[in-house]
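Numbering of residues begins at 1 and proceeds along the displayed sequence. Computed over heavy atoms, backbone and side chain alike; hydrogens, waters and symmetry mates excluded.
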Amino acid sequence: MFPEQRREKILELLRENGSCRVQELKKIFQVSEPTIRQDLETMEHAGLIIRQHGGAFISNYSSFAADIQLERHINMDRKTLIGAKAAEFVNSGDSVILDSGTTVTEMINPLLTKKELKIVTPAINITLALGKEPTNTIVMPGGEFKAPTLSLTGEKSVSIFSDLYVEKLFLAAGGFSLEAGLTYPSFVDLPLKRAMINSAKTVYLLVDSSKLEKILFASLGCLDKIDFLITDAGISQDYVKRLADINIETVICGETGDI
């Protein structure tokens, strides 16, 4: 892997987790500690990160955490369409799990018209927004706070799902592959994602087309657990067919209507 590619991957990890230790990055990328430190120094000089105490964190960590809003990433127009379409699958009175992340967050405004929802979510911003509706019931797992997604995660966030069974899960992923399944920048979220999947009758995966066949470091698999994939018009018809072959129904959102 070229240094530029490695630094891009490091930035993805920091955006997902908020911070990373040098020793963690050394193990992930199988390079020496001086190499990682040089990467972090280069990224800090570019204004992308801040180095501190044997690791680094994203440079705008404090600003978006303090504002209780997610950093806006690329493809937000696609994510907005996907979030709006996903919200159409929710009816007043439903029990749902809403994952954290930018795409699922785009479900918030369309869901403000729904009543008596029973919502389980690790996302603090979703809790605050949909908790304003007095007829909604919101349940949050415990766990470690992750600033980039304004969510709680880790092993301690899993236990609550052993006693839950909901109608619908709206799930996010860092990447999706027909070979590797659901993939994420790091391993920290995998237990929580698996627990959410196992607690839902129907699983809706929300990913924009740039994430299709994008394979990140940590693979959850779970292709057989996905019922619907909601994405944008960048997906090919051949890919739609391949998804249908493994019993995943595709819902495609387009600028001028659903395709």
Rounded to the nearest 0.5 Å, how far does CD1 of Ile235 lie from CZ of Arg242?
-> 10.5 Å
Roughly how far, to the nearest 0.5 Å, is CD1 of Ile36 from CZ of Phe29?
-> 6.0 Å
Just by distance, do the side chain of Glu106 and the backbone of Thr103 share a donor-acceptor pair under 3.5 Å?
-> no
Under a 4.0 Å N-O cut-off, is there an ion pair linking Lys193 with Asp99?
-> yes
Determine whether the side chains of Ser32 and Thr35 contain a donor N or O and an acceptor N or O closer than 3.5 Å.
-> yes
Between Lys156 and Glu144, is there a salt bridge with N-O shorter than 4.0 Å?
-> no
Side chains of Arg78 and Thr80 in contact at under 4.5 Å (non-hydrogen atoms) | no
In terms of hydrophobic clusters joined by side-chain contacts under 4.5 Å, are Phe217 and Leu11 together?
-> yes
The reported gap from OG1 in Thr121 to CD1 in Ile126 (rounded to nearest 0.5 angstrom) is 4.0 Å
Do Ile252 and Gln237 touch side chain to side chain, with heavy atoms closer than 4.5 Å?
-> yes
State, to 0.1 Å, how close Leu117 and Leu111 come at their nearest heavy-atom pair, and which atoms those are.
-> CD1-O, 4.5 Å
Does one hydrophobic cluster hold both Leu192 and Tyr184, with members joined at side-chain heavy-atom distances below 4.5 Å?
-> yes
How far apart are the closest heavy atoms of Asp232 and Ile82, and which atoms are they?
-> N-CD1, 4.1 Å
Over all atoms of both residues, closest heavy-atom pair of Pro122 and Met196 | CD-SD, 4.4 Å
What are the two closest heavy atoms between Asp94 and Glu167, and how far apart are they?
-> CA-OE1, 3.2 Å
Just wondering, more than 12 heavy atoms not from Gln23 lying within 6.0 Å of its CD?
-> yes
After noting the C-alpha distance and the side-chain angles of Leu205 and Ile230, does the key distance pass the side-chain contact (heavy atoms from CB on, under 4.5 Å) rule?
-> CA-CA 6 Å; Leu205 177 63; Ile230 306 179; over 6 Å; no
Within the distance-only criterion (no hydrogens, no angle test), does the side chain of Ser95 pair as donor or acceptor with the backbone N or O of Val166 below 3.5 angstrom?
-> no
Check against side-chain contact (heavy atoms from CB on, under 4.5 Å), Glu249 and Asp227 | CA-CA 6 Å; Glu249 183 175 339; Asp227 299 292; over 6 Å; no
Is there a donor in the side chain of Asp208 and an acceptor in the side chain of Ser210, or the other way round, less than 3.5 Å apart?
-> yes
If Ile, Leu, Val, Met, Phe, Trp and Tyr residues are connected whenever their side-chain heavy atoms lie under 4.5 Å apart, and connections chain through other members, are Leu220 and Ile248 in the same group?
-> yes
Do any N or O atoms from the side chain of Thr183 and from the backbone of Ala180 form a donor-acceptor pair under 3.5 angstrom?
-> no
Side chains of Glu155 and Pro191 in contact at under 4.5 Å (non-hydrogen atoms) | yes
Flag the pair Lys214 / Val207 as yes when at least one side-chain heavy-atom distance between them is below 4.5 Å, and no otherwise.
-> no
What orientation do Phe89 and Phe228 show, parallel under 30°, tilted 30 to 60°, or perpendicular over 60°?
-> tilted
CG of Leu243 to CG of Leu178: how many Å apart, nearest 0.5 Å?
-> 5.5 Å
Taking all atoms of both residues into account, what is the closest heavy-atom pair of Leu171 and Ile197, and its distance?
-> CD2-CD1, 3.8 Å
Please test Phe176 against Thr231 for side-chain contact (heavy atoms from CB on, under 4.5 Å), starting from the C-alpha separation and ending with a verdict.
-> CA-CA 11 Å; Phe176 177 84; Thr231 189; over 6 Å; no
Got more than 12 heavy atoms from elsewhere within 6.0 Å of CD, Glu179?
-> no
Residues Phe170, Val90; criterion side-chain contact (heavy atoms from CB on, under 4.5 Å); working and verdict | CA-CA 10 Å; Phe170 296 88; Val90 180; 3.5 Å; yes
With a 4.5 Å limit on heavy-atom distance, are the side chains of Val120 and Val96 in contact?
-> no
Electrostatic pair Arg37:Glu33 at N-O distance under 4.0 angstrom | yes
Closest heavy-atom pair and its distance - Leu81, Cys253 | O-SG, 3.7 Å
Value rounded to 0.5 Å, distance of SG in Cys20 from CD1 in Ile10 = 8.5 Å
What distance separates Ile119 CD1 from Ile97 CD1, expressed to the nearest 0.5 Å?
-> 11.5 Å
Linked, directly or transitively: Tyr165 and Val158 (ILVMFWY side chains, under 4.5 Å) = no
Considering only heavy atoms from C-beta outward, does the side chain of Leu229 approach that of Tyr204 to under 4.5 Å?
-> no
Qualifying residue for salt bridge (charged side-chain N to carboxylate O under 4.0 Å, His left out) with Glu133, from Lys115, Lys114, Lys118 | Lys115
So, the side chain of Ser151 versus the backbone of Ser100: is there a donor-acceptor pair under 3.5 Å, distance only?
-> no
Same cluster (ILVMFWY, side-chain, under 4.5 Å), Ile215 and Leu223 | no
Would you say Asp39 and Lys9 make side-chain contact, with heavy atoms under 4.5 Å?
-> no
